[in-house]
Chemist: 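First, the structure itself, so that you have it in front of you.
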Amino acid sequence: MSTTNHDTTRQVALITGASRGIGQALALGFADAGYDVIVTDLPQTETELRKTAEMIGLRDRKAWLYTLDVSKREQIDATVQRALADAGRIDVLVNNAGILKPSLLQDLDEKTWDAHFDVNVKGVLMMCQAIMPHMRTRRSGRVINIASIAGRQGVATQGHYAATKSAVITLTRVLAQEAGMDGVTVNAICPGIILTEMGRNNLGSEEAVRHWEEVAALKRLGKPEDIVGPALFFASEQSAFVTGQALNVCGGIYFH
Ligand code: NDP
C-alpha cells in the first residue's frame with residue numbers, strides 16, 4: 001500500500017520557463033500523459049507561452065498561463081496563490097527555468113554571477129517554498145528540478161552556471177530529506193546537451209555539435225522531448241520510493 005495520498009484523478013503540473021525548449025516539451029508531454037498544466041515564463045515570452053497553452057488545449061487538457069519571473073519572490077507568491085485558486089491543486093512542480101551566459105571565471109562580473117544564482121538557485125528555492133507547503137498539507141506531491149551534468153562535472157566557461165546546478169542538486173537532496181515525512185518526493189534531472197536555444201548557443205558551431213554527437217554513446221545529442229519520460233517517471237506513482245536523486249539524461253556523454 002502506498003504511504004502517500006498520490007491519486008490519479010486530474011492531476012495538475014506546474015512548469016516554469018515553459019514557452020520554449022525543454023519547458024515547452026515538458027508542458028506538452030505532461031498534457032499528453034493526462035495532466036492539466038500550469039505554464040509560466042517571463043513576461044516577454046507571453047506570445048510563445050500562449051501558444052504552449054493552446055497546444056495543451058488541443059490535447060483536451062486544461063492549461064493556465066501566468067507570466068512569472070522566478071527570481072522575484074512577490075511575483076511567485078502572487079502567482080502561486082492565483083494558480084491554486086484557478087486550478088485547485090498542484091501535484092507536480094517542475095523547476096525548469098534557467099539561464100546560461102558563458103564566461104571564463106577570470107572575467108566573470110558580479111552581476112552575471114548574481115543573475116545566475118538568482119534565477120537558477122534562488123528561483124528553485126522560492127518556488128519550492130511557495131508550493132511545497134500546499135503539497136505537504138495534502139501529503140502528496142512531486143518536485144522535479146532541472147539541474148545539469150555541468151553541475152556534476154564543471155565545464156570551462158560555465159563555472160558560475162555549473163555552480164548553480166551543483167547547488168540545485170544539493171537543494172534537491174536536502175528538500176527531499178525535509179519533506180519526505182509528508183509524502184512529497186524531490187528529484188533532479190541532469191540533462192546533457194539538449195538542442196534548444198540554450199544548447200545550440202552554448203555549442204556555438206555545427207562542428208561542435210558533430211564532435212559531441214561522436215562523443216555520446218548514443219551518437220546523438222538530446223531533443224527537448226528526451227527529458228519528458230524521466231520527468232513523467234519522477235512525477236508518477238512508479239517512483240514512489242525514489243527521492244533526493246539526480247538522474248543524468250545525456251545520451252551517454254557523462255557517467256558519474
Ligand atoms: P531555454 O533558454 O531554451 O529556455 C529557458 C526558458 O526559461 C526560457 O523561456 C526563458 O525565458 C526562461 N527563463 C529565463 N529566466 C527566467 C526567469 N527569471 N523566470 C522565468 N523564466 C525564465 O533553455 P532550455 O530549454 O535549454 O533549458 C531549460 C532548463 O534545462 C534550464 O534550467 C537549463 O539550465 C537546463 N539545461 C539545459 C541544457 C541544454 O543543453 N539545453 C543542458 C542542461 C540543463 P527567455 O526566453 O525570456 O529567456
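Indexing begins at 1, ligand by ligand and atom by atom, following the structure's order.
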Chemist: Does some non-hydrogen atom of Lys72 fall short of 4.0 Å from ligand 1?
Modeler: no
Chemist: Please confirm whether Ala25 comes under 4.0 Å of ligand 1, counting heavy atoms of the residue only.
Modeler: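 No; Ala25 lies far enough from ligand 1 that no heavy-atom distance drops under 4.0 Å.
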Chemist: Should the proximity of Cys190 to ligand 1, defined as any heavy atom under 4.0 Å, be assigned to the side chain, the backbone, both, or neither?
Modeler: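 Cys190 to ligand 1: no contact under 4.0 Å from either part.
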Chemist: Examine distances only and state if a side-chain atom of Thr196 and a backbone atom of Gly21 form a donor-acceptor pair shorter than 3.5 Å.
Modeler: no
Chemist: Check if Ala150 has a non-hydrogen atom at a distance under 4.0 Å from any atom of ligand 1.
Modeler: no
Chemist: Using a strict 4.0 Å cut-off to heavy atoms of Asp69, name the atoms of ligand 1 that fall inside it.
Modeler: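 The list of qualifying atoms is 17 (C), 18 (N), 19 (N).
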Chemist: For ligand 1, note which part of Thr45 has a heavy atom under 4.0 Å away: side chain, backbone, both or neither.
Modeler: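 The part of Thr45 near ligand 1 is the side chain, not the backbone.
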Chemist: Got a salt bridge between Arg10 and Asp36, using NZ or NE/NH1/NH2 to carboxylate O under 4.0 Å?
Modeler: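 Salt bridge between Arg10 and Asp36, a charged N being under 4.0 Å from a carboxylate O: yes.
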Chemist: May I ask you to check whether Thr67 and Glu46 show a side-chain donor-acceptor distance below 3.5 Å?
Modeler: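 The answer is no; no qualifying pair exists.
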Chemist: Quick one: which of Leu100, Thr196, Ile227 has a heavy atom closest to atom 24 (P) of ligand 1?
Modeler: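 Ranked by closest heavy atom to atom 24 (P) of ligand 1, first place is Thr196.
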Chemist: For atom 37 (C) of ligand 1, tell me which residue out of Ile22, Ile194, Thr40 has the closest non-hydrogen atom.
Modeler: Ile22
Chemist: Are the side chains of Gln129 and Arg73 in contact, using a 4.5 Å heavy-atom criterion?
Modeler: yes
Chemist: Just need the protein heavy atom nearest to atom 48 (O) of ligand 1, so name the residue and atom and give the distance.
Modeler: Arg20 NH2, 3.9 Å
Chemist: So if I count the atoms of ligand 1 from 1 in the order they appear, which ones are less than 4.0 Å from some heavy atom of Gly21?
Modeler: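 In order of number, 25 (O).
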Chemist: One residue to check: Gln44. Relative to ligand 1, which of side chain, backbone, both or neither has a non-hydrogen atom less than 4.0 Å away?
Modeler: side chain
Chemist: Does Asp118 pair with Lys72 as a salt bridge, N-O distance under 4.0 Å?
Modeler: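 Result for this pair is no, no salt bridge flagged.
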Chemist: Could you tell me the residue and atom name of the protein heavy atom closest to atom 34 (O) of ligand 1, and the distance to it rounded to 0.1 Å?
Modeler: Tyr161 OH, 2.6 Å
Chemist: Distance only, no hydrogens: is a donor on one side chain within 3.5 Å (strictly under) of an acceptor on the other, for Asp41 and Ser19?
Modeler: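 On atom types as modelled, these side chains qualify, holding a pair under 3.5 Å.
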Chemist: With a cut-off of 4.0 Å, which atoms of ligand 1 are near a heavy atom of Gly199?
Modeler: 40 (O), 41 (N)
Chemist: Would you mind listing which atoms of ligand 1 come within a distance below 4.0 Å of any non-hydrogen atom of Ser19?
Modeler: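 Once the distances to Ser19 are compared, the set is 9 (O).
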Chemist: What's the shortest distance from atom 6 (C) of ligand 1 to any protein heavy atom, and which residue and atom give it?
Modeler: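 That would be Gly17 O, 3.8 Å.
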Chemist: Does even one non-hydrogen atom of Ile193 get within less than 4.0 Å of ligand 1?
Modeler: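 A heavy atom of Ile193 does come that close to ligand 1.
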Chemist: Looking only at protein heavy atoms, identify the closest one to atom 44 (C) of ligand 1 and say how far it is in Å.
Modeler: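 Residue, atom and distance for the closest contact: Ala147 O, 3.2 Å.
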Chemist: Go through the structure and list residues passing side chain to side chain contact (heavy atoms under 4.5 Å, CB included) with Glu213, not counting sequence neighbours.
Modeler: Val209, Arg210, Leu221
Chemist: Which of the numbered atoms in ligand 1 are below 4.0 angstrom from a heavy atom of Ile99?
Modeler: 14 (C), 15 (N)
Chemist: I need the contact type for Asn96 against ligand 1. Using non-hydrogen atoms and a strict under-4.0 Å cut-off, is it side chain, backbone, both or neither?
Modeler: both
Chemist: Can you list the residues that meet the side chain to side chain contact (heavy atoms under 4.5 Å, CB included) rule with Leu100, with sequence neighbours excluded?
Modeler: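 For Leu100, the residues satisfying side chain to side chain contact (heavy atoms under 4.5 Å, CB included) (neighbours in sequence not counted) are Pro102, Gln158, Tyr161, Met198, Asn202.
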Chemist: One thing to verify: whether Arg82 and Asp77 come together as a salt bridge, which I'm taking to mean a side-chain N less than 4.0 angstrom from a carboxylate O.
Modeler: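 Salt bridge: no.
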Chemist: What protein heavy atom is closest to atom 19 (N) of ligand 1, reported as residue, atom name and distance in Å?
Modeler: Val70 N, 3.0 Å
Chemist: Compute whether any side-chain donor of one residue and acceptor of the other, for Gln245 and Arg173, lie under 3.5 angstrom apart.
Modeler: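 No, no side-chain donor-acceptor pair sits under 3.5 Å.
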Chemist: Could you check Asp114 against Lys111 for salt bridge (charged side-chain N to carboxylate O under 4.0 Å, His left out), going step by step and ending with a plain yes or no?
Modeler: CA-CA 5 Å; Asp114 288 345; Lys111 203 170 151 216; over 6 Å; no
Chemist: Taking heavy atoms and a distance under 4.0 Å, where does Leu68 meet ligand 1: side chain, backbone, both or neither?
Modeler: backbone
Chemist: For atom CD of Gln44, is the number of surrounding heavy atoms from other residues, nucleotides or ligands below 6.0 Å larger than 12?
Modeler: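 Enclosed.
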Chemist: Does ligand 1 have any atom that is closer than 4.0 Å to a heavy atom of Thr16?
Modeler: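 Flag not set, Thr16 not near ligand 1.
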Chemist: Looking just at side-chain N and O atoms, do Thr16 and Asn95 make a donor-acceptor pair shorter than 3.5 Å?
Modeler: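 The criterion, which ignores hydrogens and geometry beyond distance, is not satisfied for Asn95 and Thr16.
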Chemist: Considering all heavy atoms of both residues, which atom of Asp182 and which atom of Arg136 are nearest to each other, and what is their separation?
Modeler: OD2-NE, 2.8 Å
Chemist: So which heavy atom in the protein is nearest atom 9 (O) of ligand 1, and how far is it from that ligand atom?
Modeler: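 Residue, atom and distance for the closest contact: Asp41 OD2, 2.7 Å.
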Chemist: Among protein heavy atoms, which lies nearest atom 38 (C) of ligand 1, and at what distance?
Modeler: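 Looking at atom 38 (C) of ligand 1, the protein heavy atom closest to it is Gly192 O, 3.9 Å.
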Chemist: Please state which protein non-hydrogen atom is closest to atom 5 (C) of ligand 1 and give its distance, to 0.1 Å?
Modeler: Gly98 O, 4.0 Å
Chemist: What about Ser71: any of its N or O atoms under 3.5 Å from an N or O on ligand 1?
Modeler: no
Chemist: Tell me, yes or no, whether the heavy-atom count around Gln81 atom CD, taken from other residues, nucleotides or ligands under 6.0 Å, exceeds 12.
Modeler: no
Chemist: Looking at non-hydrogen atoms alone, which of Ile146, Thr52, Leu42 comes nearest to atom 22 (C) of ligand 1?
Modeler: Leu42
Chemist: Is there a path from Met135 to Trp64 through hydrophobic residues (I, L, V, M, F, W, Y) whose side chains come within less than 4.5 Å of each other?
Modeler: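 Yes; tracing contacts between hydrophobic side chains, which count when under 4.5 Å, links both residues.
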